[in-house]
Amino acid sequence: MPNHETSQGSATGQITATAAEKHRRYLFPCVTTYYESPLTLVRGEGMHVWDEAGKPYLDCFGGVLTVSVGHCHPEVTEAIVRQAKTLVHTSTLYPNPMLSDLAEMMAQVLPPGLDRTFFSNSGTEADETAVLLARIHTGNQEMLVLRYGYSGRSMMAIAASGQSTWKQIGSPVPGFAHALAPYCYRCPLKLTYPSCEVACAKDVKEVIETATTGRVAGILAEVIIGSGGFIVPPKEYFQIVAETVRKAGGIFIADEVQTGWGRTGKMFGIEHYGVTPDVMTFAKGIANGSPMGMTATTEPIAAALKPLSFATFGGNPVSSAAAMATIRVIQQGKLADNARIQGEHLQASFRELQRKYPVIGDVRGLGLMQGLELVGENKEPDAKAVARVLEGTRRRGVLVGKGGLWGNVLRVAPPLTINRAQIDEMVAALDGAFAEATGKAGRA
């Protein structure tokens, strides 16, 4: 029989492996962890998590933008427990109240017309469903995606992603053309916004004319490019791109896996851009950590997918209960407004750090989705500085994330329940970590 003793040891006093050691020994080696010495987390409550030694940390990354209303939120936890005692699984072959009630809620919350939903387990599956839908609905094969983008870890998602670091086997699924990213800090056209007149968006037309047949299924684009470094498109970007793609026979798929559900200061990130997508995809913060992916679209587009199709775990009763509770908490607590208010304070504080530490080349973001791009001379990406700052914030009891093609962007995305005092605590930790990493005076 396997030994299931913890690091506390067995009754005989034998010391067994720690969680971090088991993680390293039994999981695939590709499952990487943060920090020089992996941080084992054993408990969470609200804005905080605790390690195995009992040390608390202010969590400002929320399991990669997934813990949207705080760890173990009482209302969400109660909904999960209540449903787990009632009905755990049916599959979509059998209607159940949690799934149908969630679908009804989505039709009421999403932009008008997007009242048909397909539930799955993750953002990867949500994007897969959206691309399949676009190809069948339009009859076209080729899809536009963005450089620096990330769509997940399936074969299709690897092909769609725009970062070499995620393409371990190249592009195994054909039919994707990568357009320029709206990356103003590193403009691929060497222009400056707004005098550029959003040339990156207008380039989409040339990509369609030169890299495709001229007729496309659509474009799949993260509203804010997340893993690629919290790249925020100019305000005109999606209106131009959506119109261009639709003229070429395609549809606009807004990937809201990271930006959805209040994260950017509005319920959906695309609301900042004044355009309604044909399809939207969601995951992460939709259920506060319970596995849930969702693809939403209109009645005519949804009708393109014919039976047979179902999802074994998609919209299972427990995750559906968690999602409904999470969305109620966001709505009733006006957490999108809180994300906007606290996000403005957070970005202003980050700009103060930028004036103090030249290593911070760019500050960007919307709401509680803020990035700090760290650079050396001539904007050379500085991933080593990010690693030092991550270690420094950890020592100070604060957790933040990282990303970007070169690993040189600090990503800050706390639960939407964060308050000003907690933001100031996080900024103080970052200030001290930057001072330590750069040798400049700062807070301890």
So, taking the atom named [atom1] in [X] and the one named [atom2] in [Y], what distance separates them when rounded to the nearest 0.5 Å?
X: Phe61; Y: Leu399; atom1: CZ; atom2: CG; value: 10.5 Å
X: Leu180; Y: Leu146; atom1: CG; atom2: CG; value: 9.0 Å
X: Glu128; Y: Ser120; atom1: CD; atom2: OG; value: 9.5 Å
X: Met47; Y: Leu58; atom1: CE; atom2: CG; value: 4.5 Å
X: Trp166; Y: Ser151; atom1: CH2; atom2: OG; value: 11.5 Å
X: Asp362; Y: Leu372; atom1: CG; atom2: CG; value: 9.0 Å

Side chain to side chain, [X] and [Y], heavy atoms closer than 4.5 Å:
X: Met280; Y: Pro277; value: yes
X: Thr417; Y: Leu335; value: yes
X: Asn140; Y: Val216; value: no
X: Thr259; Y: Met369; value: yes
X: Arg394; Y: Val398; value: no
X: Val145; Y: Ile219; value: no
X: Arg340; Y: Leu368; value: no
X: Phe350; Y: Val427; value: yes

Indicate yes or no for a side-chain donor-acceptor contact from [X] to the backbone of [Y] under 3.5 Å, with no hydrogens or angles considered.
X: Lys384; Y: Asn408; value: no
X: Glu243; Y: Ile240; value: no
X: Asn288; Y: Ser68; value: yes
X: Arg364; Y: Glu373; value: no
X: Arg153; Y: Ile158; value: no
X: Asp115; Y: Ala107; value: no
X: Glu391; Y: Glu36; value: yes
X: Gln83; Y: Val88; value: no
X: Gln163; Y: Tyr148; value: yes
X: Glu256; Y: Gly269; value: yes

Heavy-atom pair with the smallest gap, counting every atom of [X] and [Y]:
X: Ser227; Y: Gln258; value: N-NE2, 3.9 Å
X: Ala177; Y: Val207; value: CB-CG1, 4.1 Å
X: Arg411; Y: Lys402; value: NE-O, 3.0 Å
X: Met426; Y: Ile418; value: CE-CD1, 4.3 Å
X: Lys284; Y: Val64; value: CD-O, 3.2 Å
X: Pro182; Y: Pro234; value: CB-CD, 3.8 Å

If we check side chain to side chain contact (heavy atoms under 4.5 Å, CB included) with Val223, which of these qualifies: Ile270, Val232, Leu366, Asp255?
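Passing option: Ile270.
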
Give me the one residue out of Thr295, Val173, Ile136, Leu220 that meets side chain to side chain contact (heavy atoms under 4.5 Å, CB included) with Val131.
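When side chain to side chain contact (heavy atoms under 4.5 Å, CB included) is applied between Val131 and each of Thr295, Val173, Ile136, Leu220, only Leu220 qualifies.
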
Quick check: are there more than 12 heavy atoms from other residues, nucleotides or ligands sitting under 6.0 Å from [atom1] of [X]?
X: Lys247; atom1: NZ; result: no
X: Glu45; atom1: CD; result: no
X: Lys334; atom1: NZ; result: no
X: Phe313; atom1: CZ; result: no

In terms of side-chain geometry, is the basic nitrogen of Glu21 or Arg25 positioned less than 4.0 Å from the acidic oxygen of its partner?
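Arg25 and Glu21: not salt-bridged.
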
Begin with the C-alpha distance, continue with both residues' side-chain angles, and end with the deciding distance and a verdict on side-chain contact (heavy atoms from CB on, under 4.5 Å) for Leu110 and Met294.
CA-CA 12 Å; Leu110 290 168; Met294 186 184 80; 4.1 Å; yes

Are [X] and [Y] linked by a side-chain donor-acceptor pair shorter than 3.5 Å?
X: His23; Y: Thr33; value: no
X: His48; Y: Asp59; value: no
X: Asp127; Y: Thr281; value: yes

Show the numbers, then the answer: is there a side chain to side chain donor-acceptor pair (under 3.5 Å) between Lys22 and Thr18?
CA-CA 6 Å; Lys22 292 179 183 178; Thr18 66; over 6 Å; no

Please determine whether side-chain contact (heavy atoms from CB on, under 4.5 Å) holds for the pair Ser320 and Asp101, giving the CA-CA distance in whole Å, both sets of side-chain angles, and the decisive distance to 0.1 Å.
CA-CA 9 Å; Ser320 295; Asp101 287 352; over 6 Å; no

Walk me through whether Glu222 and Val257 qualify under side-chain contact (heavy atoms from CB on, under 4.5 Å).
CA-CA 8 Å; Glu222 295 171 273; Val257 169; over 6 Å; no

Give the intermediate values and the outcome of side-chain contact (heavy atoms from CB on, under 4.5 Å) for residues Thr92 and Ser309.
CA-CA 9 Å; Thr92 56; Ser309 187; over 6 Å; no

Once the angle between the rings of Trp261 and Phe268 is folded into 0 to 90°, is it parallel (under 30°), tilted (30 to 60°) or perpendicular (over 60°)?
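If you compare the ring of Trp261 with that of Phe268, the planes turn out perpendicular.
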
In terms of relative ring orientation, are Phe238 and Tyr273 parallel, tilted or perpendicular, with 30° and 60° separating the classes?
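Phe238 vs Tyr273 ring planes: perpendicular.
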
Take Trp50 and Tyr57 through the test ring pair (Phe, Tyr, Trp, His ring centres under 6.0 Å) and record every step on the way to the result.
CA-CA 6 Å; Trp50 283 259; Tyr57 298 85; 9.2 Å; no

Does Arg246 form a salt bridge (Lys or Arg N to Asp or Glu O under 4.0 Å) with Asp278? I'd like the steps, not just the answer.
CA-CA 10 Å; Arg246 286 166 177 162; Asp278 301 293; 3.1 Å; yes

